[in-house]
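Side chains included, hydrogens not; waters and symmetry mates left out as well; all remaining heavy atoms used. Keep in mind that this is a model prediction, so the values were computed, not measured. First the proteins, then the strands, lettered A, B, ... as listed; each starts at 1.
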Protein chains: 2
Amino acid sequence: MLEAPEETPRQDNRKQDIADAARSLIAERGFEGLRTRDIADRVGINIATLHYHIPTKQDLVRLVAESLRTDFVRQHQRRPRQGLSPVDRLRQEFADFRENLESNIDLFTVMAELGERARRDPEVRAELEPMRAYWHAQIADFLKAGRDDGSFRGDLDPQAAASIVIGTLTGSRRQSDPSLAHFDAICAELLRCFQNP
Amino acid sequence: MLEAPEETPRQDNRKQDIADAARSLIAERGFEGLRTRDIADRVGINIATLHYHIPTKQDLVRLVAESLRTDFVRQHQRRPRQGLSPVDRLRQEFADFRENLESNIDLFTVMAELGERARRDPEVRAELEPMRAYWHAQIADFLKAGRDDGSFRGDLDPQAAASIVIGTLTGSRRQSDPSLAHFDAICAELLRCFQNP
DNA sequence: AGCATTCTCAATCAATTGATTGATTGATCC
DNA sequence: GGATCAATCAATCAATTGATTGAGAATGCT
């Protein structure tokens, strides 16, 4: 679970360029406005070259979904998480998310577009569901640990609380106030929600 | 603010049919797969007739957004909310949302698609932002009232907590467990988050 | 260097798409 | 009944779209 896909040596640069261009265009125009010619133009190649490397538009969508999954995996392997207390673990989760809000905003737009497409495209769904389940399980684990060690409320339901964390974080950009200051206030409030009084 | 748009007597039935068909198709295929011919087919009219009533695709998108806003207003006027305690007010919010999860699931899909489109379409944004702000303010108001009357925690931040409620509710369908039972568990956990210990 | 494979391109294809045109029908009013 | 306006339709348009073809260039291997 959660392994990055393999790539042959020669094509990987071109495919990476194509994936990056597609992500950038999805962030700007959504899947609704995604055109293969626009992608080729952005990479600086001919449309037929795009089709040589990525034969169909559906292959392209799959490539983008895999590319996002690869990023997700990297993110989760980037910081050692052993030895952190449940409270610090939750803080870490917020800090990671905030960092992406600041410096990788396209990631969210593309993730959201993929999320909507997942509803009607089984291949996208197959990429996204394991990521969602993994993230949820991670959060539920340390919430449970926090409840059990007494740092979080004794009546906390870890599964439900994990859904609250995820929903709140991913929904933060859709709020009427999408500022980072409000995001910080939300995170502080979530900590108060879970802390043992 | 939050008034339903007016309609001339003869066209309103046709426009309503068109809006309903468009919503249904958006729920199935997203904006990505929305085609004017498919809408005309679903209504049972010719494509030229569709253009007679709704001249451009952008007009159609606006019509759908207005239609959603009208529904939102109706929902908020349907149940009297005066005299409820803050805790019951929050419960009411959860019950209303759950009812839609059960019986009007397309509404969410269309709202989500509009939400993504709002990022790149100012007209959609102009319809959605007041709704978001209104909903957020409503929730923040009764959370504040609950904090002030002692039923919610004294350190509760109403603005942040409202964002948590909204993010959690709207994110509930995207979770790895989208069941109604899990939704109920989430709502119970949110109540525990806010209640005064 | 020669051969095989990979990669690139311009031109092209067939189908689709939002939209238009002009004729006709339906409804209303005097 | 005739005039006017609203509504409808089949046919059509121009542009776009995902994709293909065939030739040639670039790369890798012996």
Problem set entry | Carboxylate-amine/guanidinium contact A:R42 A:E28, below 4.0 Å | yes
For this session: Starting from C1' on C:dA10, measure out to CG on A:L50 and report it in whole angstrom.
Result: 16 Å
For this session: Tell me whether the OP1 or OP2 atom of D:dA7 has a side-chain N or O from B:Y52 closer than 4.0 Å.
Result: yes
For this session: Check salt bridge (Lys or Arg N to Asp or Glu O under 4.0 Å) between A:D20 and all other residues, then give those that pass, not counting sequence neighbours.
Result: none
For this session: Ignoring backbone atoms, establish whether B:T49 has a side-chain N or O less than 4.0 Å from OP1 or OP2 of D:dC9.
Result: yes
For this session: Kindly say if A:R14 contacts the phosphate of C:dT8, meaning a side-chain N or O under 4.0 Å from OP1 or OP2.
Result: yes
Exercise. Can you name the residues that form a side chain to side chain donor-acceptor pair (under 3.5 Å) with A:D96, not counting sequence neighbours?
Worked result: A:R79, A:R81
Problem set entry | B:D59: partners by side-chain contact (heavy atoms from CB on, under 4.5 Å), with sequence neighbours left out | B:I54, B:P55, B:T56, B:R62
Exercise. Could you write nucleotides 14-25 of chain C as a row of B, S and -, 5' to 3', where a protein heavy atom under 4.0 Å of any base atom gives B, of only sugar-phosphate atoms gives S, and otherwise -?
Worked result: ---BBBBB----
Seminar exercise, completed: Between CD1 of B:I45 and C1' of D:dA6 the distance, given in whole Å, is 14 Å
Seminar exercise, completed: Hits for salt bridge (Lys or Arg N to Asp or Glu O under 4.0 Å) against A:E127, two or more places apart or cross-chain, chain-then-number order -> A:R69
Exercise. Any ring-ring contact (aromatic ring centres under 6.0 Å, His included) pairs touching residues 101-130 of chain A, not counting sequence neighbours?
Worked result: A:F97-A:F108
